[in-house]
Amino acid sequence: QVQLVESGGGLVQPGGSLRLSCAASGRTFSRYIVAWFRQAPGKEREFVAGISMNADSTYYPDFVKGRFTISRDNAKNTVYLQMNSLKPEDTAVYYCAADTSGVGSIANWSYRFWGQGTQVTVSS
């Protein structure tokens, strides 16, 4: 199993940037594919980025493509989500999720392991 802890959320003005981190426990983190999801109040949880085990493949939905970048450092057991050009509609709780297969899956039910989430608020 793997345990995930997100950090880096906060309040940022429109057009600003934030970098979220997802720190994982365990010595086999490199065997997990990882994704970021977000959930705004009253809305369903949605996929925002995914990365393969060795970081050779990344996945984004159109609404964040060119603004968000997912990366990972397996030596540090950490996955990052760099978010630039933030918009008020990016406001949500952001979650890190992981599993051993299904890279790039946009379905939240395909990930067994989840962090507790970190709040991102984009507002002036």
Side-chain angles (χ1 to χ4, degrees):
Q1 285 198 354
V2 64
Q3 293 183 326
L4 306 171
V5 178
E6 302 95 335
S7 62
L11 173 64
V12 63
Q13 292 186 341
S17 298
L18 278 177
R19 187 176 81 157
L20 306 183
S21 298
C22 172
S25 64
R27 294 175 292 178
T28 60
F29 181 61
S30 61
R31 299 179 185 176
Y32 289 82
I33 57 96
V34 180
W36 286 94
F37 285 77
R38 70 185 184 188
Q39 188 166 21
K43 294 188 176 181
E44 294 187 353
R45 192 168 296 189
E46 62 182 359
F47 172 85
V48 296
I51 192 165
S52 59
M53 294 177 189
N54 59 5
D56 60 347
S57 297
T58 56
Y59 306 85
Y60 305 94
D62 287 344
F63 59 83
V64 304
K65 201 169 291 184
R67 300 189 300 124
F68 290 11
T69 303
I70 189 171
S71 61
R72 68 189 297 164
D73 185 339
N74 286 337
K76 295 182 178 179
N77 280 10
T78 303
V79 171
Y80 305 97
L81 183 68
Q82 178 67 43
M83 305 186 295
N84 299 326
S85 301
L86 284 162
K87 305 174 182 180
E89 51 264 43
D90 294 318
T91 295
V93 178
Y94 283 70
Y95 298 90
C96 174
D99 212 306
T100 53
S101 63
V103 62
S105 172
I106 66 171
N108 57 26
W109 50 260
S110 65
Y111 297 88
R112 288 177 290 165
F113 307 106
W114 291 82
Q116 82 291 347
T118 185
Q119 175 71 46
V120 171
T121 302
V122 184
S123 175
S124 55

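All values below were derived from every heavy atom in this structure, side-chain atoms included, with hydrogens, water molecules and symmetry-related copies excluded.
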- Message: Test of understanding: with side-chain hydrogen bond (donor to acceptor under 3.5 Å, both in side chains), list the residues that count as partners of Ser105, not counting sequence neighbours.
- Response: Ser110
- Query: Can you name the nearest heavy-atom pair linking Thr118 to Gly9, along with the distance?
  - Reply: OG1-N, 3.2 Å
- Query: Taking only residues at least two apart or on different chains, which pairs with a member in residues 76-110 satisfy ring-ring contact (aromatic ring centres under 6.0 Å, His included)?
  - Reply: none
- Task: Output every pair passing disulfide (SG to SG under 2.5 Å) with a member in residues 33-81, not counting sequence neighbours, ordered by first then second residue.
- Result: none
- Message: Membership question, hydrophobic clusters at under 4.5 Å side-chain separation (ILVMFWY): are Val103 and Trp36 in the same one?
- Response: no
- Task: Not counting sequence neighbours, list each pair that qualifies as a side chain to side chain donor-acceptor pair (under 3.5 Å) and has a residue in residues 15-25.
- Result: Ser17-Asn84
- Task: Output every pair passing disulfide (SG to SG under 2.5 Å) with a member in residues 44-124, not counting sequence neighbours, ordered by first then second residue.
- Result: Cys22-Cys96
- Message: The criterion is salt bridge (Lys or Arg N to Asp or Glu O under 4.0 Å); which residues satisfy it with Lys76, sequence neighbours excluded?
- Response: none
- Message: Please determine whether residues Phe113 and Tyr59 belong to a single hydrophobic cluster, defined as Ile, Leu, Val, Met, Phe, Trp and Tyr linked transitively by side-chain heavy-atom distances below 4.5 Å.
- Response: no
- Spell out, as yes or no, whether a donor-acceptor pair under 3.5 Å connects the side chain of Asn74 to the backbone of Met53. yes
- Atom pair OG (Ser101) and OH (Tyr32), whose distance is rounded to the nearest 0.5 Å: 11.0 Å
- Any residue meeting salt bridge (Lys or Arg N to Asp or Glu O under 4.0 Å) with Asp56, in chain and number order, not counting sequence neighbours: none
- Query: Are Met83 and Phe63 grouped together when hydrophobic residues (ILVMFWY) are joined by side-chain heavy atoms under 4.5 angstrom apart?
  - Reply: yes
- Query: Would a hydrophobic clustering, with Ile, Leu, Val, Met, Phe, Trp and Tyr connected at side-chain separations under 4.5 Å, put Val64 with Val79?
  - Reply: yes
- Item | Heavy-atom closest pair, residues Gln119 and Val93 | OE1-CG2, 3.2 Å
- Any link between Trp114 and Ile106 through a network of hydrophobic side chains (Ile, Leu, Val, Met, Phe, Trp, Tyr) touching at under 4.5 Å? yes
- Identify, with sequence neighbours excluded, every residue that meets ring pair (Phe, Tyr, Trp, His ring centres under 6.0 Å) alongside Phe68. none
- Message: Just to verify, what does Asp99 make a salt bridge (Lys or Arg N to Asp or Glu O under 4.0 Å) with, not counting sequence neighbours?
- Response: Arg112
- Message: Strictly by salt bridge (Lys or Arg N to Asp or Glu O under 4.0 Å), give each pair with a member in residues 34-43 just once, sequence neighbours left out.
- Response: Arg38-Glu46, Arg38-Asp90
- What are the two closest heavy atoms between Pro61 and Val48, and how far apart are they? CD-O, 3.2 Å
- Would the number of heavy atoms belonging to other residues, nucleotides or ligands and lying under 6.0 Å from CD of Gln1 be above 12? no
- Look only at the side chain of Thr121 and the backbone of Thr91, and say whether a donor-acceptor pair between them is shorter than 3.5 Å. no
- Query: So, for Tyr111 and Phe37, is the gap between ring centers shorter than 6.0 Å?
  - Reply: yes
- Message: Restricting to non-hydrogen atoms, name the atom on Leu81 and the atom on Ala49 that form the minimum distance, rounded to 0.1 Å.
- Response: CD1-CB, 3.9 Å
- Note on the structure: For residues 25-72, the disulfide (SG to SG under 2.5 Å) pairs (sequence neighbours left out) are none
- Write down the atom of Ala40, the atom of Ala92, and the distance for their closest heavy-atom approach. N-CB, 3.8 Å
- Query: In Å, rounded to the nearest 0.5 Å, how long is the span from CD of Gln82 to CD1 of Ile70?
  - Reply: 12.0 Å
- Item | Where Val2 and Ala24 come nearest, the two heavy atoms and their spacing | CG2-CB, 3.7 Å
- Query: Is there a donor-acceptor contact under 3.5 Å from the side chain of Arg72 to the main chain of Ile33?
  - Reply: no
- Does Tyr60 have any ring pair (Phe, Tyr, Trp, His ring centres under 6.0 Å) partners at least two apart in sequence or in another chain, and if so, which? none
